[in-house]
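Just below is one structure, and these are the notes that go with it.
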Amino acid sequence: MKRWILLLMMLPAIAGAQQHDFATEIQASYGLKPYRGGSITLSEKVRLADLSSRYSQSKTALVVQQTVLKRRLDLYDMRLRIGGGYTFINRLTHPYDNPYYENQHRLMVQGILVRDYGFWRFGARVRMQGTLRDATRGSYRYNPKLALRGRLAAAYAMPDKPWKFGANAEYFYRLNDPRGAFVDEMRYTAEATRIIDRHQSLSLYLKYFHEMQVSDPLRMLAIGLRYNFD
């Protein structure tokens, strides 16, 4: 009985340790297909956090991908793309205590498998990434931070209309934390895309993500706008 009373007394403190926020994101990407089956994409994303009132981070990413096994997978209306990329990250760290700007560098490799079924498209992505953080600005138990990310997605293209709707769920699995490997974040996204023409599209999305098994876990809802040009 005493244990239950102690647990109830601790709940407000546990709940108070969580951080809740609302963010706004703006993205733009430019894609090229310089050779058969290959693509190069350059993208930029800026996030405003703290109830969308201050700069939080920006990411500049370059991703190169190649379609493989095309003939074999065409029989099943499937596509497999493998690739890799680099991301330069500038972020505001500890915005409520002693804020400072930190530059980070991220390398990743990934594989994406998609299958078309009528007007539906289903996809899965597996990504391995390593983020090198600035040890001169912050203190880290491990550096770089290695993570495995898995994502499942579904999208529907409206027939004879320039609209697509989609949703996805993604997990982040820490690999080299001294405490062991574990999932430390989940992310869920729903979006609507307006096809402007054969080269341009504009997407409005709503994203919710929450951290787990970390001190002061963050729970954030973000609304975003993304412009794509291919």
Side-chain angles (χ1 to χ4, degrees), residues 23-45 47 59 61-87 106 108-129 147-173 183 185-210 220-230:
T24 302
E25 297 181 346
I26 302 294
Q27 300 187 53
S29 67
Y30 176 69
L32 291 174
K33 296 181 179 179
Y35 48 87
R36 186 177 181 86
S39 66
I40 301 175
T41 303
L42 178 65
S43 63
E44 179 71 24
K45 180 174 75 173
R47 176 187 295 168
K59 294 181 179 180
L62 179 67
V63 178
V64 179
Q65 295 189 115
Q66 175 66 47
T67 300
V68 297
L69 303 176
K70 186 177 185 303
R71 291 185 178 180
R72 294 183 181 180
L73 294 177
D74 275 348
L75 299 175
Y76 308 99
D77 293 324
M78 300 175 71
R79 296 286 187 279
L80 176 62
R81 295 192 296 270
I82 59 173
Y86 164 78
T87 303
R106 176 177 296 166
M108 70 86 178
V109 292
Q110 66 181 17
I112 301 175
L113 181 66
V114 298
R115 187 185 191 282
D116 293 325
Y117 188 80
F119 297 104
W120 287 89
R121 169 168 288 186
F122 302 95
R125 185 185 74 184
V126 177
R127 172 182 291 180
M128 179 79 72
Q129 68 181 36
L148 177 68
R149 297 170 58 174
R151 187 181 72 178
L152 295 176
Y156 175 75
M158 295 186 67
D160 303 321
K161 295 185 182 297
W163 288 96
K164 291 183 179 180
F165 301 92
N168 65 70
E170 184 175 18
Y171 69 84
F172 293 68
Y173 189 75
V183 174
E185 183 178 330
M186 293 294 298
R187 184 175 297 179
Y188 311 93
T189 305
E191 66 178 23
T193 300
R194 174 66 160 82
I195 308 299
I196 301 174
D197 55 38
R198 59 180 298 189
H199 298 291
Q200 302 178 85
S201 66
L202 192 64
S203 299
L204 179 67
Y205 62 88
L206 193 65
K207 178 168 59 180
Y208 174 75
F209 57 90
H210 62 91
M220 179 180 287
L221 179 67
I223 186 170
L225 188 67
R226 181 175 63 247
Y227 170 76
N228 295 311
F229 183 88
D230 294 321

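Every heavy atom of this structure was used, including side-chain atoms; hydrogens, water molecules and symmetry mates were not. Given the structure is predicted, the values throughout are model-derived calculations rather than measurements.
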Legend entry - Shortest non-hydrogen separation from S201 to I195 and the atoms involved: CB-CD1, 4.0 Å
Legend entry - Partner residues of Y188 under the ring-ring contact (aromatic ring centres under 6.0 Å, His included) criterion, sequence neighbours left out: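 Once residues adjacent in sequence are excluded, Y188 has no partner under the ring-ring contact (aromatic ring centres under 6.0 Å, His included) criterion.
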Legend entry - Pairing residues for Y208 by the ring-ring contact (aromatic ring centres under 6.0 Å, His included) criterion, not counting sequence neighbours: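 Y208: ring-ring contact (aromatic ring centres under 6.0 Å, His included) contacts with H210.
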Check side chain to side chain donor-acceptor pair (under 3.5 Å) between [X] and all other residues, then give those that pass, not counting sequence neighbours.
X	result
E170	R125, R149
Y171	none
T87	none
D116	R121

With a 3.5 Å cut-off and sequence neighbours excluded, list the donor-acceptor pairs that the side chains of residues 34-41 form with protein atoms.
none

Output the distance between atom [atom1] ([X]) and atom [atom2] ([Y]), rounded to the nearest 0.5 Å.
X	Y	atom1	atom2	answer
M128	Y173	CE	OH	10.5 Å
N228	H199	CG	NE2	13.5 Å
D230	Y30	CG	OH	9.0 Å
E44	I26	CD	CD1	11.5 Å
I196	Y227	CD1	OH	6.0 Å
Y86	M108	OH	CE	13.0 Å

Name each donor-acceptor pair under 3.5 Å that joins a side chain in residues 151-161 to protein atoms two or more places apart or in another chain, with its distance.
none

Legend entry - Contacts of type salt bridge (Lys or Arg N to Asp or Glu O under 4.0 Å), residue K207, not counting sequence neighbours: E25
Legend entry - Residue list, salt bridge (Lys or Arg N to Asp or Glu O under 4.0 Å) with R187, at least two apart or on another chain: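 Salt bridge (Lys or Arg N to Asp or Glu O under 4.0 Å) list for R187, sorted by chain: E185.
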Legend entry - salt bridge (Lys or Arg N to Asp or Glu O under 4.0 Å) pairs, two or more places apart, involving residues 188-199: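 Sorted result for residues 188-199: E191-R226.
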Legend entry - pair I223-L204: side-chain heavy atoms closer than 4.5 Å: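 In short, these two side chains touch, coming nearer than 4.5 Å.
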Inset, instruction - For residues 64-74, pull every pair meeting side chain to side chain donor-acceptor pair (under 3.5 Å), keeping only residues two or more places apart or in separate chains. - result: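 Pairs touching residues 64-74 that pass the test: Q65-Q110, K70-D74, D74-R79.
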